[in-house]
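This report refers to the structure that appears directly beneath it.
The structure displayed is predicted, hence computed values, not measured ones.
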Amino acid sequence: ALLFAESSTVVSMTITPHLFEAYLKCPTKCFLRSLGKTGAGNAYADWVCVQNTSYQRDGIRHLTEGVANDEWVTGPLGTRELKSAKWRLATESRMCAQDLECTLHAVERVPSDTPGKPAQFIPTRFISTNKLGWHHKLLLAFDALVLSEVLGRKVDLGKIIHGDDRAALRVKTDPLDSNLRKIIAKIATLLSCQAPPDLVLNRHCAECEFQKQCRQKAVEDDDLSLLAGISEDERARHRAKGIFTVRQLSYTFRPRKTPKRAKNPARPRYPALQALAIRENTIYIHGSVTLPDSKAQVYLDIEGIPDNDSYYLVGALIVSEGQETFQWFWADQKSEEPESFCRFAEAVCQLDDFRVLHFGDYEIVALRRMKARLPESLHPRIDAILERATNVLSVIHPHLYFPTYSNGLKDIGRFLGFQRADEDATGLQSILWRKTWNENRDPDIRARLLQYNQDDCRELKRIVDFIRRVTGECPVDRRK
């Protein structure tokens, strides 16, 4: 509670990339950082910080190779130093302009070929990930804005060096300027207040150092943002009506009938019914729930690294003729992944009558991407698996309301009493494990990943078995 108490001190108005990036992900995170608060920690967030710092250090070392000492400077830079500059490259340069401050990773100075025309200054930012998001470009635009303010003229071009191959992306920052200034104005308003902003849980929470404290606060307040499926617009509409808690929302559910003549009736998710399920600790079924039947069921879970589209582990729990068999297909490196998927496809397609059950879109996306990396002779097998695949989450979403804040596999499984070998393990944690294994080949970490994958498969089976067993037996709303 003390973490979210109103501050009696005057908050510094200096906006840094550290605060700017936090705001892009969550205003509450930005506010807490501005006060110097420290969270309970987050292993993934700590690892990302170490990766970024290491990548920036290595990037600067790589960038300065071959640059003469008299053409390279480091440290703070002001207007005078910039205008009289003779250097080609500046690194780790701290700059201040009004209420903005940043330490530029690197600045390249390119002399003009036209006599009398000033040199061009190009800020460079190092990003460790292979894939870039819109916030990475905005961070570069922030650097360019501070540099332009100090320089006294517009800087409209920057460079991002990112990923395993140190790919260089030139970014025109001018189109980002309007949005950038609006965000900075919002941050300035936020930091001028003593009261924290409204707490809103979002997808970034899983990788934030304040995750535990924020969730505890949200649970204490019974905040609407606990419901993972509710959008920001929906939450705003409810708040405008005086509905601020999950319990309040639970009293607003009114079943709606689908018009009889509707050819393709919509199957929405009702947050109010979700709230009612939580309040009454009851599972509700809305409409008809069907799962395909077959002689053999394959419960599929794939582990990967999203940043480089790597799929290093395929786990399959095969249930056939009353027997359960768990098979896993592991790849030490990306070049071995096609072979793993070949062996998986062979194991599954030898079943006479099978259905593949998975949770979410990740497995289908992985299969389609891997199909492009496999020989054409194996495409029919992948197609057969795709044709027989059922996304269990898509069955749950319009019909089943468990008394959980989200439809996540682990949340539902936990409610059904499934016990994992590591109850605290998450998808982000598995990424951290694999990245660590890549460096040290620790067999204990590999065993942990295999167990995590098997738990996902068995948890999915527990959910599917439960759905088959209780369909039509739980409190039901059958109005369509």
**Q.** Residue pair Ile278 / Pro403: nearest heavy atoms and the distance that separates them
**A.** CG1-C, 3.8 Å

Q: Kindly confirm or rule out a cation-pi arrangement of Arg279 over Tyr251, judged by NZ or CZ under 6.0 Å from the six-membered ring centre and within 45° of its axis?
A: yes

Q: Examine the side chains of Gln216 and Glu220 and answer whether a donor and an acceptor come within less than 3.5 Å of each other.
A: yes

Q.
So, using side-chain contact (heavy atoms from CB on, under 4.5 Å) as the criterion, who are the partners of Ser394 when residues are at least two apart?
A. Asn391

(Q) If we ignore hydrogens and angles and just use 3.5 Å, is the side chain of Thr404 paired with the main-chain N or O of Ile412 as donor and acceptor? (A) no

Q: Check side-chain contact (heavy atoms from CB on, under 4.5 Å) between Ser340 and all other residues, then give those that pass, not counting sequence neighbours.
A: Phe329, Ala331, Arg343

Q.
If you apply the rule salt bridge (charged side-chain N to carboxylate O under 4.0 Å, His left out), what do you find for Arg414 with Asp411, and how did you get there?
A. CA-CA 5 Å; Arg414 188 179 299 113; Asp411 282 349; 3.1 Å; yes

Q) How far apart are the C-alpha atoms of Leu428 and Leu432, what are their side-chain angles, what is the distance that settles it, and do they pass the side-chain contact (heavy atoms from CB on, under 4.5 Å) test? A) CA-CA 6 Å; Leu428 290 178; Leu432 176 53; over 6 Å; no

Show me the side-chain donor-acceptor pairs of residues 154-161 shorter than 3.5 Å, one per line, residues at least two apart or across chains.
residue, atom, partner, partner atom, Å
Lys154, NZ, Asp174, OD1, 3.3
Lys159, NZ, Glu108, OE1, 3.4

(Q) Check whether Ser225 reaches the backbone of Leu201 with its side chain - one donor and one acceptor, N or O, closer than 3.5 Å. (A) yes

Q) Quick one: does Leu400's side chain get under 4.5 Å of Ile285's, heavy atoms only? A) yes

Q. Mind checking whether Phe415 and Ile283 have side chains closer than 4.5 Å, heavy atoms only?
A. yes

Q: Please examine the side chains of Arg446 and Leu450, heavy atoms only from C-beta on, and report whether any two atoms are closer than 4.5 Å.
A: yes

Q. ring-ring contact (aromatic ring centres under 6.0 Å, His included) with Tyr44: which residues, sequence neighbours excluded?
A. Trp47

Q: Could you go through the side chain to side chain donor-acceptor pair (under 3.5 Å) check for Arg420 and Tyr452 one step at a time?
A: CA-CA 8 Å; Arg420 303 178 66 93; Tyr452 175 81; 4.7 Å; no

Q) Roughly how far, to the nearest 0.5 Å, is the CG atom of Leu32 from the NZ atom of Lys37? A) 7.5 Å

Q. Which heavy atom in Cys96 sits nearest to a heavy atom in Val150, and how many Å separate them?
A. O-CG2, 3.4 Å

Q: Name all residues meeting the side-chain contact (heavy atoms from CB on, under 4.5 Å) criterion together with Glu65; count only those two or more places apart in sequence or in a different chain, and write none if there are none.
A: His62

Q | Pair Lys25 + Glu21: basic N to acidic O under 4.0 Å | A | yes

**Q.** Exam field: side chain Asp301 to backbone Ala316, donor-acceptor pair closer than 3.5 Å
**A.** no

Q) Under 3.5 Å, side chain of Asn42 to main-chain N/O of Ala206, donor-acceptor pair present? A) yes

Q. Between Phe359 and Asp456, is any pair of side-chain heavy atoms under 4.5 Å apart?
A. no

Q.
List the residues meeting ring-ring contact (aromatic ring centres under 6.0 Å, His included) with Tyr23, not counting sequence neighbours, and say none if there are none.
A. none

Q: Go through His286 and Tyr270 one step at a time and tell me if the ring-ring contact (aromatic ring centres under 6.0 Å, His included) criterion holds.
A: CA-CA 10 Å; His286 189 280; Tyr270 298 106; 5.3 Å; yes

Q.
Under a 3.5 Å cutoff, is there a donor and acceptor pairing between the side chains of Gln454 and Arg458?
A. yes

(Q) Under 6.0 Å from the ring centre and within 45 degrees of the ring axis: does the NZ or CZ of Arg215 meet both conditions for the six-membered ring of Phe210? (A) no

In a table with atom names and distances, give each donor-acceptor pair under 3.5 Å that connects a side chain of residues 131-147 to protein atoms at least two apart or in another chain.
residue, atom, partner, partner atom, Å
Lys131, NZ, Pro306, O, 2.9
Lys131, NZ, Asp309, OD1, 2.8
His136, ND1, Gly133, N, 2.9
Asp143, OD1, Arg125, NH2, 3.2
Asp143, OD2, Arg125, NE, 2.9
Asp143, OD2, Arg125, NH2, 3.2

Q: Write out all pairs satisfying salt bridge (charged side-chain N to carboxylate O under 4.0 Å, His left out) with one or both partners inside residues 229-244, taking only residues at least two apart or from two chains.
A: Asp198-Arg239

Q: Kindly indicate whether the side chain of Thr16, heavy atoms from C-beta on, has any atom under 4.5 Å from the side chain of Cys102.
A: no

Q: Not counting sequence neighbours, which residues clear ring-ring contact (aromatic ring centres under 6.0 Å, His included) with Tyr312? List them please.
A: Trp330

Q: Taking only Lys NZ, Arg NE, NH1 and NH2, and the carboxylate oxygens of Asp or Glu, determine whether Asp465 and Lys461 approach each other closer than 4.0 Å.
A: yes

Q: Check side-chain hydrogen bond (donor to acceptor under 3.5 Å, both in side chains) between Arg33 and all other residues, then give those that pass, not counting sequence neighbours.
A: His18, Glu209

(Q) Can you see whether Ser128 engages Asn52 through a side-chain donor-acceptor pair at a distance of less than 3.5 angstrom? (A) yes

Q: Kindly write out the residues that satisfy ring-ring contact (aromatic ring centres under 6.0 Å, His included) with Trp72, not counting sequence neighbours, or none if the list is empty.
A: none

Q. Heavy atoms, side chains only, cut-off 4.5 Å: are Asp177 and Thr173 in contact?
A. no

Q: Could you give me the CA-CA distance, side-chain angles and deciding distance for Val314 and Trp328, then say whether side-chain contact (heavy atoms from CB on, under 4.5 Å) is met?
A: CA-CA 6 Å; Val314 181; Trp328 49 267; over 6 Å; no

Q) Is the backbone N or O of Asn438 less than 3.5 Å from a side-chain atom of Arg441, with the two atoms forming a donor-acceptor pair by type? A) yes

Q: For residues Phe121 and Leu151, determine if any side-chain heavy atom of one lies less than 4.5 Å from a side-chain heavy atom of the other.
A: yes

Q) Does Asn202 use its side chain to pair, donor to acceptor, with the backbone of His204 at less than 3.5 Å? A) yes

Q. Without hydrogens or angle criteria, can the side chains of Asp307 and Asn130 be said to hold a donor-acceptor pair below 3.5 Å?
A. yes

(Q) In the structure I gave you, are the side-chain heavy atoms of Asp424 and Gln429 within less than 4.5 Å of one another anywhere? (A) no

Q) What residues form a side-chain contact (heavy atoms from CB on, under 4.5 Å) with Lys212, not counting sequence neighbours? A) Ala40

